[in-house]
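Quick caveat: nothing in here was measured; it's all calculated off a predicted structure. Both ligands and their constituent atoms are indexed starting at 1 by order of listing. Here, residue 1 is the first one in the sequence, and each next residue gets the next number.
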Amino acid sequence: MADRKSLLDSDLTTRRSPRLSFNTKFVCFILLSVGLLGFQGFNILNAQTQARLSVQATTSLARCLSLSAKPGPSPSFHKRTESDRFAVGTKALLLKNAKVWTGEKNGTEVIEADILLDKGLIKGIGHVRAKTLAAYQDIEVVDVKGAWVTPGIVDLHSHLGDASSPATDGASGDDNSIKGPIQPWLRSLDGLNTHDDSYLLSISGGVTTSLVLPGSANAIGGQGFTIKLRQTAERSPSSMLLEPPHQINSSFLELTENPPWRQMKHACGENPSRVYGQTRMDTIWQFREAYNKAREIKHEQDQYCARVLNGEPDVLNSPYPEDLQWEALVDVLRGRVKVQIHCYETVDLDDIVRLSNEFQFPIAAFHHAHEAYLVPDVLKSAYAEAGLKVVMKSDHPVLDSRYLLYEAQQAYLYGLPENLALAAVTTTPAGIMGMDHRVGYIKEGWDADLVVWDSHPLALGATPKQVYIDGIPQLRTPHNVAKSHAFQELPRVPNFDQEAKDAVKYEGLPPLKATTTASPIVVFTNVGSVFTRLNEGIEESFRGAKTEFGVVVVENGAITCSGSATTCSSVSYLKDLQVIDLKGGSIAPGLVTFGAPLGLEEIQGEGSTHDGAVLDPFEGKIPSIVGGDKALIRAVDGLQYGGRDTLYAYRAGVTTGIVAPTHYGFYGGLSTSFSTGALHKLAEGAVLQEVTALHVSVRHFGSPSVSSQIGALRRLLLDPDHRSDAGKWFRGVSEGRLTLAVEADSADIIATLILLKKEVEAKFHSDVQLTIIGGLEAHLVAKELAAAHVGVLQVPSRPFPAVWEKRRILPGLPLSEKSSVLQLLAHNVTVGVGIQEAWSARNTRFDVGWIAVDAGGQLSRVDALALGSTNVAKLLGQRVQDYALDDMVVTEGGDLLDFSSKVVAIVSPRRGLVDLL
Ligand SMILES: *[C@@H]1O[C@H](CO)[C@@H](O)[C@H](O)[C@H]1NC(C)=O
Ligand SMILES: *[C@@H]1O[C@H](CO)[C@@H](O)[C@H](O)[C@H]1NC(C)=O
Ligand SMILES: *[C@@H]1O[C@H](CO)[C@@H](O)[C@H](O)[C@H]1NC(C)=O
């Protein structure tokens with residue numbers, strides 16, 4: 001603790017007020033009061049002073065003294081020898097032979113070094129001397145054998161613990177209050193559930209620190225708190241906090257120096273509008289009214305304290321102006337709070353920048369900020385804002401923070417320099433939350449939070465081999481696969497400069513329509529591999545050697561020759577051909593997507609762009625105009641073409657969409673298959689198969705009960721009504737002519753469905769084609785699924801225990817040896833993977849590429865491709881006899897499954913053309 005003299009000096013020198021004329025007597029008075037207030041050990045208070053100060057006066061004086069306190073670490077912070085979070089009993093640890101990305105030098109420093117961890121801190125990096133080591137009686141030495149080591153991942157925006165998983169009946173979780181749009185007094189800490197399954201899952205993806213923010217239902221949602229994700233001996237939410245603000249124990253600030261940073265959540269635009277049935281104009285007025293209130297209180301405080309500190313101690317006889325509801329917002333105006341603002345559109349960014357200038361408070365970060373790239377100058381004009389930095393955050397559980405690093409990988413893929421991509425999930429967020437004096441770097445004296453990776457952290461599928469928080473290893477028995485040398489290098493990525501330029505030029509809406517080649521003959525040269533459909537599967541029909549890549553000739557959309565350059569030499573005599581160099585690229589069957597309303601909605605958040613949800617007979621009477629309960633709705637009737645998500649999917653090699661009618665209850669309807677590249681329904685091949693499968697969902701909806709849903713399904717299958725439309729389709733299922741796709745995750749529901757299938761088969765002497773959609777717990781009955789010939793279309797490809805019926809996931813590396821997909825494959829279950837949101841169709845190639853990476857060479861390219869293409873089609877009963885007409889995807893620089901390639905063309909035999917992208 002600072003001695004009395006220096007305490008006073010720093011207090012004097014840091015105070016900015018121009019009227020700093022203290023008389024000596026008053027200086028002593030302050031000194032004594034400070035001693036009385038909180039600095040234990042200073043008990044020598046003379047009776048005269050004690051008598052002079054009432055409790056109220058003492059408190060008020062403390063408030064005045066705290067006004068000039070600047071947040072952040074104390075000057076002595078870096079002299080610490082032990083972390084305040086050190087867990088007694090944690091052994092010292094030496095990580096040998098690490099390739100360390102330190103975060104320093106703008107994220108460009110990489111050193112080969114040993115790292116010494118002790119007392120919750122990084123004690124040394126480099127060659128640790130024998131003498132230093134000898135001083136440790138009990139030190140663990142781990143040779144990481146050249147593995148990449150980075151600081152732990154820092155998530156700037158999470159609802160971990162507050163919106164916990166599995167979600168319980170308070171469905172929206174504990175992260176939003178709907179008691180009013182302005183609530184700076186709420187604290188995310190108060191809802192922090194220590195039983196969230198995500199802590200360990202996110203740690204297993206390398207996340208060590210998260211800023212837990214209130215949700216975005218409110219304009220001012222309340223105060224955020226930074227946590228470290230590890231379990232503590234105390235098991236309490238409070239013990240997880242990293243540098244909690246002083247105010248968690250005390251209503252008002254009583255420190256005179258270095259209070260920890262506070263965090264505040266704001267949100268603008270559609271979220272508060274939706275929740276409160278209001279407009280942007282209302283929301284911004286609510287902000288201004290609140291900030292005006294805070295400004296008034298601040299002004300009163302400043303005036304009060306100016307008088308006190310100017311030698312009018314009698315002022316202390318009247319109470320210090322303060323208000324518990326507004327103190328946090330007043331602190332924002334004092335520059336002691338990191339304001340984290342959820343905004344999407346330019347109008348919102350502009351509104352908030354004006355607010356910050358009107359009330360003069362700094363903005364820590366705009367979150368989401370979808371249009372920020374279009375208006376950098378607006379952001380630069382915010383109060384006290386300088387350079388712009390980029391952070392990737394999760395919004396967990398909206399995006400599973402276990403895979404936050406994947407966001408940085410994609411940013412790198414699309415052009416963010418590698419140093420900034422890694423900084424975007426480590427050093428940059430640490431700085432923005434005011435914690436970079438201890439997390440976000442691998443630096444001597446910083447917290448011992450780090451991740452040992454099984455590959456270069458920007459390589460697809462990079463997985464922690466171990467994660468340390470406060471020097472404590474977090475993975476009890478980490479599972480890993482051996483990865484080749486290539487994975488240890490920074491991945492080579494294609495160039496997307498033109499796409500980036502176009503995004504700005506066209507204000508986020510660049511034209512996405514493909515251009516058909518002018519020439520009917522296209523020759524692809526330097527082809528690394530060709531995969532083609534074979535019956536229901538895929539085969540590798542050509543693989544070139546590095547020294548001799550192949551050639552593929554396409555005439556009117558059909559491959560007429562493929563093989564080595566000599567095989568197809570006759571082509572050079574043809575005229576008017578277009579030659580495209582694939583630089584070792586590949587040609588493969590188009591991917592198939594299912595699971596999201598792709599093709600039935602344009603903008604997820606905008607209902608006016610949706611086909612809408614079908615009515616459920618369980619919920620109410622179906623209007624007779626569509627046939628009452630006997631109706632079965634067809635997705636094909638609602639298809640919309642040329643949507644942006646659909647065209648982006650096409651450009652990423654997803655040429656077929658299969659979509660079921662949107663439904664939120666039991667009853668689904670008939671799915672359809674369509675071409676993502678078609679611009680309208682009447683175009684050639686736009687509808688690939690009008691009806692693919694019959695869809696229902698069996699879930700824990702509450703009402704109707706699971707048993708009622710199974711009861712309904714049993715009746716529909718065992719006793720289909722011949723005369724009705726629905727009856728005919730259900731009869732088709734019972735007789736094995738149509739696939740029944742049941743959305744279900746619970747292993748118990750899946751088991752019940754297997755039994756029901758047998759019941760129906762016994763009555764109809766048939767083979768019922770049953771596919772489970774979702775299937776996150778299917779791995780528990782993998783053997784039984786295989787025996788019953790039931791396939792699984794797992795959605796999403798990387799599981800997350802969002803709700804109770806999905807809680808028993810098989811998480812995959814590093815928490816389990818196998819992922820659920822690999823476990824199902826090991827039992828010979830037919831498996832495909834799907835998506836939940838339409839925008840993510842474009843990432844299908846990485847979803848399946850990642851599964852291949854996790855399999856560590858146990859899954860062939862062909863089998864991996866099938867997971868995202870032929871298996872999906874097969875599981876949904878798509879006809880396969882026309883496979884020769886299916887679109888093929890052409891990539892440059894590598895094959896479809898990794899970061900090195902770019903989709904450059906689609907070959908379409910059905911349409912007789914080649915589309916250039
Ligand atoms: C940090 O790195 C980025 C990208 O490599 C570069 O554009 C920027 O100028 C660097 N900043 C500094 C301060 O060196
Ligand atoms: C709050 O009080 C507890 C119990 O005295 C103490 O352990 C903790 O450090 C205090 N936290 C802050 C931020 O003052
Ligand atoms: C899966 O199929 C393969 C090849 O047909 C067979 O060798 C293997 O034993 C099967 N696995 C199981 C668990 O049935």
Does Lys228 pair with Asp470 as a salt bridge, N-O distance under 4.0 Å?
yes

Provide, line by line, the atom pairs where ligand 2 and the protein bring an N/O atom each to a distance under 3.5 Å; else say none.
residue  : atom   : partner : partner atom : Å
ligand 2 : 2 (O)  : Asn249  : OD1          : 3.3
ligand 2 : 2 (O)  : Asn249  : ND2          : 2.2
ligand 2 : 11 (N) : Asn249  : ND2          : 2.9
ligand 2 : 14 (O) : Asn249  : ND2          : 3.2

Residue that, paired with Lys443, satisfies side-chain contact (heavy atoms from CB on, under 4.5 Å) out of Glu109, His437, Glu104, His78:
Glu104

Which atom pairs, donor and acceptor, lie under 3.5 Å between side-chain atoms of residues 818-825 and protein residues at least two apart or in another chain?
residue : atom : partner : partner atom : Å
Ser819  : OG   : Leu822  : N            : 3.3
Ser820  : OG   : Gln794  : OE1          : 2.9
Ser820  : OG   : Gln794  : NE2          : 3.4

Please identify which atoms of ligand 1 are closer than 4.0 Å to at least one heavy atom of Asn419.
1 (C), 2 (O), 3 (C), 4 (C), 5 (O)

Taking all non-hydrogen atoms of both residues into account, name the closest pair between Val154 and Val439 and its distance.
CG2-CG2, 4.3 Å

Report the part of Ala826 in contact with ligand 3, treating N, CA, C, O as backbone and CB onward as side chain, heavy atoms under 4.0 Å; options are side chain, backbone, both, neither.
backbone

Heavy-atom donor-acceptor pair, Trp261 side chain to Met433 backbone, under 3.5 Å:
no

Could you tell me which atoms of ligand 1, counted from 1 in the order shown, lie closer than 4.0 angstrom to a heavy atom of Asn106?
1 (C), 2 (O), 3 (C), 8 (C), 10 (C), 11 (N), 12 (C), 14 (O)

Can you name the residues that form a side chain to side chain contact (heavy atoms under 4.5 Å, CB included) with Ser238, not counting sequence neighbours?
Ser236

Donor-acceptor under 3.5 Å (Asp745 side chain, Gly775 main chain):
yes

When the side chains of residues 415-425 are checked against the rest of the protein, which donor-acceptor pairs come out under 3.5 Å, sequence neighbours left out?
residue : atom : partner : partner atom : Å
Asn419  : ND2  : Asn106  : O            : 2.9

Going by the atom numbers of ligand 3, which of them fall below 4.0 Å from some non-hydrogen atom of Asn828?
1 (C), 2 (O), 3 (C), 8 (C), 10 (C), 11 (N), 12 (C), 14 (O)

